Amino acid sequence: MNFIPISQPSIGEKEIAYVTDAVKSGWVSSLGKYIDEFEKHFAAYCGVKYAVATSNGTTGLHLALVALGIKEGDEVIIPDLTFIATASAVKYIGAKVVTVDIDSDTLCISPDAIKNAITPKTKAIIPVHLYGHPAKMDEINKIAKEYNLFVIEDAAEAHGAEVNGNRVGGLSDAGVFSFYGNKVITSGEGGMITTNNENLCRKLKFLRDHAMLKEKRYWHTEVGFNYRMTNLQAALGLAQFERIDEIINKKREIFELYKKHLTNVEGVKLNFQATWAKNVYWLVCLEIENLTVEDRDKFILKLKEKGIDSRPYFYPVSEMPIYDNSNTKVAHEKSQKGINLPSYFDLSIEQINYICKSIMEII
Ligand SMILES: *Cc1c(COP(=O)(O)O)cnc(C)c1O
């Protein structure tokens, strides 16, 4: 009854009203006013000219790679610590996944590691703004410019995060967001690609809709996809988007409460925020010094016994048998000692107090 989940969407009157309106309108598939509105407002929010809604974040990443012309035989550099979808999208196009190490402060891709991994076959970098903290985009863009590489931000976990006051999604060739149920804001399932490049936007919309020619219906000059978002998803997404400031502020408050309790506990580290960054704290991160994988799993089990859900950091992509091994020390180290804690909008102060007290007891 009293189990505290790690994540849970905040669905209010506005969400119910918009979705109801969308269903009643009859525009239940991928045409409708909510899609246009959601795209328009989301683009403005990220400070870009265009946004293209997709069926989810993974299809968004895939579509962006295809539209940028990345293909079989090319190499794409990604951080070793990320959700698997970053790597899957690269695999879909037959390109080689090159996993590199992360920085221990931001948990995001290390610019130095990118430099060391570049070969003549490298075509793109996908920095991931992990757990709500942005990657070092200034340095990454500099490297990309020097070597003539595309940069696609995987911003699936970082809606509203900022680098020097500029929002993610507008800091490179394209940004990709996810609106899965546990993300900063949700549309049920859904994704969004942001860009300032008009040609790229046109290509994305073309490929998203079966690559059907605008001038000639049911005529196709290449293989496209059905990666469209539905008007129902967009209705939920737009309602959530209109509350994004409220939701992010709450996430930042939740983090501060955790910090107040846990900051002085020995051997414990929480999320970092660089001086140049705004972290949206998608998930609260707890790292415990000298924790083995066995200890970590026991810790998670003990929390569960106390009615508290938590989850380990992602495994390094390079650990999976289907990907090449890589020498990524920081990613491996962080992966084994990191735990994510409940971080959702409706979490109460009492619940956070209880979670922190439980953590201190277990430690
Ligand atoms: C969630 C997530 C994705 C994929 O998004 P979906 O909408 O679930 O397909 C991609 N990258 C990262 C880093 C994610 O966290």
Side-chain angles (χ1 to χ4, degrees), residues 6-9 38 42 51-66 76-93 97 99-100 102-103 106-109 124-135 137 140 151-161 168-169 171-172 174-194 204 208 225-230 232-234 236-237 240-241 251 271 279-285 311-318 320 323 331 334-335 338 340 343-344:
I6 185 151
S7 177
Q8 140 183 314
F38 192 19
F42 200 82
V52 178
T54 56
S55 49
N56 59 61
T58 309
T59 54
L61 284 167
H62 184 201
L63 208 62
L65 286 163
V66 175
V76 178
I77 297 175
I78 70 167
D80 203 16
L81 194 71
T82 180
F83 179 56
I84 200 65
T86 318
S88 311
V90 177
K91 282 278 194 191
Y92 296 164
I93 57 170
V97 174
T99 51
V100 303
I102 55 168
D103 282 332
T106 63
L107 299 181
C108 298
I109 197 164
I125 309 165
I126 310 181
V128 179
H129 307 309
L130 202 73
Y131 300 133
H133 194 286
M137 293 307 296
I140 294 165
V151 179
I152 302 168
E153 296 167 72
D154 182 339
E157 305 180 355
H159 319 53
V168 300
L171 309 174
S172 62
V176 180
F177 293 82
S178 165
F179 304 111
Y180 183 67
N182 69 1
K183 298 292 161 89
V184 176
I185 59 170
T186 185
S187 63
E189 293 268 4
M192 192 79 81
I193 309 169
T194 49
L204 288 166
R208 174 179 71 174
F225 307 87
N226 175 359
Y227 281 175
R228 301 171 309 226
M229 179 184 275
T230 67
L232 297 183
Q233 291 169 292
L236 180 54
Q240 287 263 290
F241 172 74
K251 282 196 168 295
N271 307 56
N279 191 340
V280 293
Y281 301 108
W282 173 54
L283 289 179
V284 172
C285 297
R311 57 180 239 189
Y313 280 10
F314 300 116
Y315 293 101
V317 171
S318 65
M320 321 275 166
Y323 290 94
K334 291 289 181 184
S335 165
N340 298 117
S343 318
Y344 58 92

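Sequence positions, counted from 1, serve as the residue numbers for this chain. Whatever order the structure lists ligands and atoms in, that order sets their numbers, starting from 1. In this text, all values refer to a predicted model and were calculated from it rather than measured experimentally.
Ile109 has its side chain within reach of Ile77: a pair of non-hydrogen atoms, C-beta onward, lies under 4.5 Å apart. With contacts defined as side-chain heavy-atom distances shorter than 4.5 Å, the pair Leu63/Arg208 qualifies.
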For Phe42 and Phe179, what are the C-alpha separation, side-chain angles and deciding distance, and is it a ring-ring contact (aromatic ring centres under 6.0 Å, His included)?
-> CA-CA 12 Å; Phe42 200 82; Phe179 304 111; 5.5 Å; yes
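In this structure, Tyr92 and His62 have perpendicular ring planes: the angle between them is above 60°, well past the 30° mark.
Paired with Thr99 under the rule side-chain contact (heavy atoms from CB on, under 4.5 Å), one option of Pro79, Ser318, Pro316 passes, and it is Ser318.
Taking the centre of each ring, Phe177 and Phe241 stay at or above the 6.0 Å mark.
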Could you go through ligand 1 and list every pair where one of its N or O atoms sits under 3.5 Å from a protein N or O, giving the atom names and the distance to one decimal?
residue, atom, partner, partner atom, Å
ligand 1, 5 (O), Ser178, OG, 3.3
ligand 1, 7 (O), Gly57, N, 2.8
ligand 1, 7 (O), Ser178, OG, 2.6
ligand 1, 9 (O), Asn56, OD1, 3.3
ligand 1, 9 (O), Gly57, N, 3.3
ligand 1, 9 (O), Thr58, N, 2.9
ligand 1, 9 (O), Thr58, OG1, 2.5
ligand 1, 11 (N), Asp154, OD1, 3.3
ligand 1, 11 (N), Asp154, OD2, 2.8
ligand 1, 15 (O), Glu157, OE2, 2.5
ligand 1, 15 (O), Lys183, NZ, 3.1

